[in-house]
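Note that these values count all heavy atoms, side chains included, but never hydrogens, waters or copies made by symmetry.
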Amino acid sequence: MDEQLKQEILNLLKPVLNDFQQAITANVEGRFSAFQQSLVTNEDDNQQPPQEPNNPQVDALRGELETLKSQLATEKQTARDKALMAEMLGIGQTKKVIAPQLFTDAFLARNKDKIIEHEGQWFIKDGDKTTALSQYVDTFLTTDEGKALLPPSGANGTGSPEPKQQTNAATPPNVTNPWEVLYTALRNEHSPK
């Protein structure tokens with residue numbers, strides 16, 4: 001009877017076990033599907049790292065890192081500005097402008113946002129055209145504004161290629177230097193008599 005009882009119990013339980021197994025499988029598959037969907041959605045969002053709980057040390061280090069990044073950017077810009085200023089002063093002295101510092105300041109005020117550096121060389125990007133900085137300065141010095149920064153020449157005015165030779169005429173012998181006259185007058189007035 002034992003065998004027969006087991007068989008009857010199994011026959012009665014088989015449909016219940018089948019239903020139970022199908023219910024469990026459906027439940028697990030549904031939860032797995034939902035979990036899998038949430039993973040895909042999270043990956044698509046921003047792929048940002050999970051937020052850590054507030055940690056004062058981590059926050060302090062992040063702030064310090066941001067400060068250092070800002071300082072580095074500032075130092076890079078300062079170094080670039082100094083190199084550009086030195087380049088412009090050198091060009092100004094080479095081109096023999098009247099006041100190299102004034103020329104540099106004026107030129108940079110107008111063109112600084114157009115100047116780019118590539119491997120230690122300086123260029124001007126004017127629209128779609130890129131020109132070496134020294135060539136651009138040469139072109140600028142041929143304009144009326146640029147000619148005003150060049151020393152005057154005696155031949156044809158500012159910017160002339162050949163200066164006019166000046167003759168030093170001798171001062172006539174009876175013309176006295178006005179400084180000597182003033183010195184003599186002051187000396188005679190304050191000398192003991």
Determine all donor-acceptor pairs shorter than 3.5 Å in which one atom belongs to a side chain in residues 126-140; sequence neighbours excluded.
unit_1 : atom_1 : unit_2 : atom_2 : d
Asp138 : OD1    : Lys95  : NZ     : 2.5
Asp138 : OD2    : Lys95  : NZ     : 3.4
Thr139 : OG1    : Gln135 : O      : 3.1

Through direct or indirect side-chain contacts below 4.5 angstrom among Ile, Leu, Val, Met, Phe, Trp and Tyr, which residues connect to Ile116? Phe123
Glu117: what forms a salt bridge (Lys or Arg N to Asp or Glu O under 4.0 Å) with it, not counting sequence neighbours? none
Nearest 0.5 Å, please: how far is [atom2] in [Y] from [atom1] in [X]?
| X | Y | atom1 | atom2 | value |
| --- | --- | --- | --- | --- |
| Asp59 | Glu64 | CG | CD | 12.5 Å |
| Leu150 | Leu141 | CG | CG | 5.0 Å |
| Thr104 | Ile91 | OG1 | CD1 | 8.5 Å |
| Phe103 | Lys96 | CZ | NZ | 14.0 Å |

Is the closest side-chain heavy-atom distance between Gln22 and Thr25 below 4.5 Å? no
Would you say the side-chain atoms of Ser70 pair up with the backbone N or O of Glu66, donor to acceptor, closer than 3.5 Å? no
Taking everything shown except Gln77 itself, do over 12 heavy atoms lie less than 6.0 Å from its CD? yes
Given the rule that I, L, V, M, F, W and Y join up when any side-chain heavy atoms are under 4.5 Å apart, are Leu89 and Leu102 in one cluster? no
Between Val97 and Pro100, which heavy-atom pair has the shortest distance, and what is it? CG2-CA, 3.6 Å
Can you pull out every salt bridge (charged side-chain N to carboxylate O under 4.0 Å, His left out) where at least one residue sits in residues 14-30? Sequence neighbours excluded, please. none
Inter- and intrachain pairs under salt bridge (charged side-chain N to carboxylate O under 4.0 Å, His left out), touching residues 72-84, at least two apart: Asp81-Lys112
Please identify each residue that fulfils side chain to side chain donor-acceptor pair (under 3.5 Å) with Glu145, with sequence neighbours left out. Arg110
Evaluate the criterion side-chain contact (heavy atoms from CB on, under 4.5 Å) for residue pair Leu72 and Lys69; output intermediate values, then yes/no. CA-CA 5 Å; Leu72 179 63; Lys69 283 181 181 179; 5.7 Å; no
